[in-house]
2 protein chains.
Amino acid sequence: MSRPTIHDVARIAGVSLSTVDRVLNDREGVRRATRARVAEAMQQLGYERNIAAANLARRRQYRLLFVLPAGGNSFMRGLEREIGARAEAWEFTAISVTTVPPFDDAALAGALQSIDPAQTDGVAVVATDSAAVRAALAALRDRGVAVVTLVSDLPSSRRQHFVGIDNVQAGRTAASLLGRFCRGRTGSIVTVAGSMLVRDHAERRLGFEQVLRQEFSDQRVLPPLEGFDDQDIVAAQLAELLARTPDVVGIYSLGAGTRGVARAMAQARPDAPSVVVHELTAHSRQALLDGTFDAVIHQDPVREISVAVSLLQSLIEGGAIDPEAARIGIEVYLRDNLP
Amino acid sequence: MSRPTIHDVARIAGVSLSTVDRVLNDREGVRRATRARVAEAMQQLGYERNIAAANLARRRQYRLLFVLPAGGNSFMRGLEREIGARAEAWEFTAISVTTVPPFDDAALAGALQSIDPAQTDGVAVVATDSAAVRAALAALRDRGVAVVTLVSDLPSSRRQHFVGIDNVQAGRTAASLLGRFCRGRTGSIVTVAGSMLVRDHAERRLGFEQVLRQEFSDQRVLPPLEGFDDQDIVAAQLAELLARTPDVVGIYSLGAGTRGVARAMAQARPDAPSVVVHELTAHSRQALLDGTFDAVIHQDPVREISVAVSLLQSLIEGGAIDPEAARIGIEVYLRDNLP
DNA sequence: GTGAAAGCGCTAACAC
DNA sequence: GTGTTAGCGCTTTCAC
């Protein structure tokens, strides 16, 4: 026997296809009693809707927009490239991307305000933390646009979901690794951030310091450098610090600008500090292979995109969302398990 | 404009829908010239076939069988459970599972021989290495059944693909972690295997020793224990070894029976050895949380199942397979990035 | 060799 | 409130 269809349900319930359809899609214009009869028939048959057929008939187009920071951030450029490459892969979905200056909440708020709700069903945005951004998101929601945050969250806003890693946990993971790597050597640990104004960086630092203070308390955690995800600034600041501080045993780079870290390490001493950074890119991969970096904490951009898309689709449909299916894992790469 | 359909192609090529369909599905009964005209029309329109619609019309059923080792191996039981839970999720696909005694190649070969090719379109099997198993796989292939190996490979057989991690790399990853964790302490490193007769265990040990010898050559690697994935045997063997060898600084458990490792560690000294094990289960997770284990190397069973299913589906269709989409990553978990 | 027509399971007008 | 009907893009008989 093959799976029951709405025809079977209609026959058992003694109604027409349209009525079954109305019940299925929770549309009005069905008497309570009829609704109950149909529901019971579904129950009895173990009816499961065929989504492919539904979409085929519906020929609906979801119009989604990704809002990402511009600039030389390899991770973000990778995200953008993957969105472009996969745009065709989603049936019934038209995806576009727009970029805004990084670490600039006014620019982001402006970009969000200029979205036309009539042309857009859902938005995925890499958030910067500010009242203006919050307000812009709320305005979108009020006009029926579905909103999820991507990579960096904005918890107290009206965004409906966050797609990205738990950044406190990511920071803790980095500390667990770096603390273990540095066991036996005691000294200073450097953290290199992009900006404490973006939530993901602040959270990573929090988690990192929690674990380091608690479990590896013989190490000294230096105040974080702020490199604004710019490799030149990072390289300069870090080189200067390393020259000035001979006892550095570990480095945690929790933002972008990772190439700057590799450059500052190039002229390192024989017993170089252990290094943990974020995001697997062509450069961090290379640094892992040549031994400059010890570990890379990563989030899978392809998965983030596909989760964001399917989350937005079900939010637009008003459907239920499975938090487990929306989880993004904190991945750990060493030289030996590189994909 | 919406995507072109076979109607458009038919119109442009000046043929009927059926002819377009014949060309699309590479069926015979079309003149070369007609075929070319259709192909050109597709080219010109940028036609892309709608797979959902095709499957809807075709109403095909793929009948797939998973062959797994029986016994108390948590990872395998997890796989089996997930297959059951997700069996409904695949449209047009009927999935069943059969189990055979572990580490028993005759039993496995027998189970494979008893598969009815008329009732089965594809098989995913956790392989044991033996000539009989190879022969059974070849017989299945000869009768038109698609075959992939799962978790443990059988490279020189006629299986069409392997779904699982690169186990040499997994062993290398374990060594990279354990070597770094033990830095500063020099002593013996223990490896605990299930059986060297299954390929995945042998490969993990190979990779592990490669890296340890090369990069952490001050550590002494002891000959591996063989615990047959049985927690009692593992616990006994390991406890005995630890009592006898006071300088153990690291333990790598590369098979199942991981609960036995945790039990042997329970009465450990204050400066306990660092421990790296395979497969995230309820027990290894607990051991990670309470500090008994330092890291877990994992492969995602849910992903393995879905990759195996889609791989088998495209093999049955004779379609192309994307090796990147079939990759299974080597995941690393610490206490802090547990899902 | 090629085409016409009837579905696959579901939706969306429009009738009643 | 409920039913009828004509599709969505593709496959599959069965004629010609």
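These numbers come from the heavy atoms of this one structure, side chains and all, not from hydrogens, waters or symmetry mates. First the proteins, then the strands, lettered A, B, ... as listed; each starts at 1. For clarity, every value in this text was computed on a predicted model and none was experimentally measured.
In this structure, Asp26(B) atom CG and dT11(D) atom C1' are separated by 16 Å, rounded to whole Å. Separating the CD atom of Glu317(A) from the P atom of dT11(C) is a distance of 10 Å, rounded to the nearest angstrom. If you measure from atom CZ of Arg22(B) to atom C1' of dA4(C), you get 11 Å, rounded to the nearest angstrom.
A donor N or O paired with an acceptor N or O is not found under 3.5 Å between the base of dG3(C) and the side-chain atoms of Thr19(B). You'll find a donor-acceptor pair under 3.5 Å spanning the side chain of Ser18(A) and the base of dT4(D), going by distance alone.
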Check the interface with nucleotides 6-10 of chain D: list each N/O to N/O pair with the protein under 3.5 Å, or write none.
| residue | atom | partner | partner atom | Å |
| --- | --- | --- | --- | --- |
| dC8(D) | O2 | Ala57(A) | N | 3.0 |
| dG9(D) | N2 | Ala53(B) | O | 3.3 |
| dC10(D) | OP1 | Tyr47(B) | OH | 2.4 |
| dC10(D) | OP1 | Asn50(B) | N | 2.9 |
| dC10(D) | OP2 | Ile6(B) | N | 2.7 |

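Residue contacts shown for Arg27(A) are limited to sugar-phosphate atoms, with no base heavy atom under 4.0 Å away. Val15(B) comes within 4.0 angstrom of the backbone, heavy atoms only, and of no base.
In the helix from dG1(C)-dC16(D) to dC16(C)-dG1(D), the terminal helix axes, each the rotation mapping four pairs' C1' atoms onto the next four within five end pairs, subtend 40°, rounded to 10°.
A side-chain donor-acceptor contact under 3.5 Å links Arg49(B) and Asn25(B). Glu80(A) and Thr99(A) share no side-chain donor-acceptor pair at under 3.5 Å. Side-chain contact check for Glu279(A) and Gln299(A): at least one donor-acceptor pair (N or O, by modelled atom type) lies under 3.5 Å.
Using a cutoff of 4.0 Å between basic side-chain nitrogens and carboxylate oxygens, Glu331(B) and Arg303(B) are not scored as salt-bridged. Looking at Arg35(A) and Asp26(A), a side-chain N of the basic residue comes within less than 4.0 Å of a carboxylate O on the acidic one, giving a salt bridge.
Remark: the backbone N or O of Pro339(A) is paired with a side-chain donor or acceptor of Arg285(A) at under 3.5 angstrom. Looking only at distances, a side-chain donor or acceptor of His298(B) sits under 3.5 Å from a matching main-chain atom of Leu280(B).
The side chain of Thr34(A) contributes an N or O atom lying less than 4.0 Å from OP1 or OP2 of dT2(D).
To the nearest 0.5 Å, the span separating CD1 on Ile51(A) from CG on Leu56(A) amounts to 13.5 Å. One finds the CZ atom of Arg81(A) at 9.5 Å from the CZ atom of Arg77(A) (value rounded to the nearest 0.5 Å).
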